[in-house]
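Structure record follows, encoded as structure tokens.
As a basis for the values below, the full set of heavy atoms in this structure was taken, side chains included, without hydrogen atoms, waters or symmetry mates.
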Amino acid sequence: EVQLVETGGGLVQTGGSLTLSCQGSGLIFYNDGVCWFRQVPGKEREGVSCISTRHDITYYADSVKDRFTISSDNARNMVTLQMDSLKPEETAVYYCAVGHDYVRAGVDPFMYEYEFWGQGTQITVSS
């Protein structure tokens, strides 16, 4: 059974930092694209960042460039998202997703569906 478990969410003040982790089991992060999405109730899901786990190519939404850093530890089957300078409007549930390596394919990875999803972790940025 494939499982993705996100950890690291919580409450942080504006300008603070958090690190999210996505731990995979039942699959191997090697030829996959792993992404982070976020969603606020009543709003559309938003792509945050993706990584090509085999080629270590990264992709970021414009809104998080230079503040967020995605990385992959294939030996541990884990992808992390370091988030700095957080803003109140980034309060959301953050989800990890695994699927085809669209980053390596050179297309917008946020436009595609992903095969496996985690349960999500809440991040609240207080003003």
Side-chain angles (χ1 to χ4, degrees):
E1 179 187 5
V2 174
Q3 282 192 325
L4 300 175
V5 178
E6 302 100 334
T7 57
L11 175 65
V12 65
Q13 291 186 333
T14 297
S17 299
L18 282 174
T19 300
L20 299 182
S21 295
C22 174
Q23 177 70 63
S25 61
L27 78 170
I28 298 174
F29 290 175
Y30 183 63
N31 281 321
D32 297 303
V34 180
C35 297
W36 289 95
F37 291 84
R38 61 190 179 194
Q39 189 166 24
V40 175
K43 294 189 176 181
E44 288 192 1
R45 187 178 65 201
E46 177 188 18
V48 177
S49 182
C50 297
I51 187 166
S52 166
T53 56
R54 181 173 185 180
H55 302 281
D56 204 27
I57 304 169
T58 59
Y59 189 95
Y60 297 94
D62 288 341
S63 61
V64 307
K65 280 180 182 176
D66 301 322
R67 296 188 298 117
F68 289 13
T69 303
I70 191 170
S71 60
S72 176
D73 184 342
N74 293 346
R76 297 175 61 194
N77 235 29
M78 180 177 289
V79 168
T80 61
L81 183 69
Q82 172 67 39
M83 304 181 294
D84 298 321
S85 302
L86 282 161
K87 305 173 182 179
E89 56 265 36
E90 295 179 310
T91 294
V93 177
Y94 284 68
Y95 297 91
C96 170
V98 175
H100 183 72
D101 190 355
Y102 295 106
V103 179
R104 176 68 177 90
V107 297
D108 182 348
F110 300 148
M111 300 300 294
Y112 296 89
E113 291 298 323
Y114 287 80
E115 187 173 5
F116 303 108
W117 291 81
Q119 81 289 347
T121 185
Q122 175 71 45
I123 290 179
T124 302
V125 185
S126 63
S127 56

Donor-acceptor contact below 3.5 Å, side chain Asn77 vs main chain Gly24: yes
Heavy-atom closest contact (Tyr30 atom, Asn74 atom, distance): CD1-ND2, 4.5 Å
Thr14 to Ser127 - nearest heavy-atom pair and separation: OG1-CA, 3.4 Å
Enclosure of Ile57 CD1 (heavy-atom neighbours >12, cutoff 6.0 Å): yes
Side-chain donor or acceptor of Gln122 paired with backbone N/O of Leu11 under 3.5 Å: no
Donor-acceptor side-chain pairing of Thr53 and Asp32 below 3.5 angstrom: no
Contact summary for Gln3 and Leu27, nearest pair of heavy atoms: O-CD2, 4.4 Å
Joint hydrophobic cluster, Leu18 plus Leu4, side-chain heavy atoms closer than 4.5 Å: yes
Test log, rule side-chain contact (heavy atoms from CB on, under 4.5 Å), inputs Tyr59 and Ser49: CA-CA 5 Å; Tyr59 189 95; Ser49 182; 5.8 Å; no
Transitive ILVMFWY side-chain link Val40 to Trp36, under 4.5 Å: no
Check: Gln13/Ser126 side-chain N/O donor and acceptor closer than 3.5 Å: no
Hydrophobic cluster membership, Val98 vs Ile51, 4.5 Å side-chain cutoff: yes
Cystine candidate Cys22-Cys96, SG separation under 2.5 Å: yes
Sidechain N-carboxylate O distance under 4.0 Å for Glu90, Arg67: yes
Short side-chain to backbone donor-acceptor contact, Tyr60 and Ile70, under 3.5 Å: yes
Val12 with Phe68, same ILVMFWY side-chain cluster at under 4.5 Å: yes
Where Ala61 and Gly47 come nearest, the two heavy atoms and their spacing: CB-O, 3.5 Å
Rounded distance [0.5 Å steps], CG in Asp56 versus CZ in Arg104: 12.5 Å
Derivation and outcome, side-chain contact (heavy atoms from CB on, under 4.5 Å), residues Ile123 and Met83: CA-CA 11 Å; Ile123 290 179; Met83 304 181 294; 3.0 Å; yes
Phe37 six-ring face occupied by Arg45 cation (under 6.0 Å, within 45°): yes
Arg38, CZ: over 12 other non-hydrogen atoms inside 6.0 angstrom: yes
Phe116-Val93 co-clustered via ILVMFWY side chain contacts under 4.5 Å: no
Heavy-atom closest pair, residues Cys50 and Val103: CB-CG2, 3.5 Å
Pair Leu81-Thr19, side-chain contact (heavy atoms from CB on, under 4.5 Å): steps then yes or no: CA-CA 6 Å; Leu81 183 69; Thr19 300; over 6 Å; no
From Glu89 atom CD to Ser63 atom OG, the distance as rounded to the nearest 0.5 Å: 9.0 Å
Centroid-centroid distance, Tyr102 to Phe110, less than 6.0 Å: no
Distance-only polar pair, side chains of Ser71 and Thr80, donor-acceptor under 3.5 Å: yes
Distance-minimising heavy-atom pair for Val64 and Val48: CG2-O, 3.5 Å
Stepwise side-chain contact (heavy atoms from CB on, under 4.5 Å) check, Glu6 with Tyr95: CA-CA 7 Å; Glu6 302 100 334; Tyr95 297 91; 4.0 Å; yes
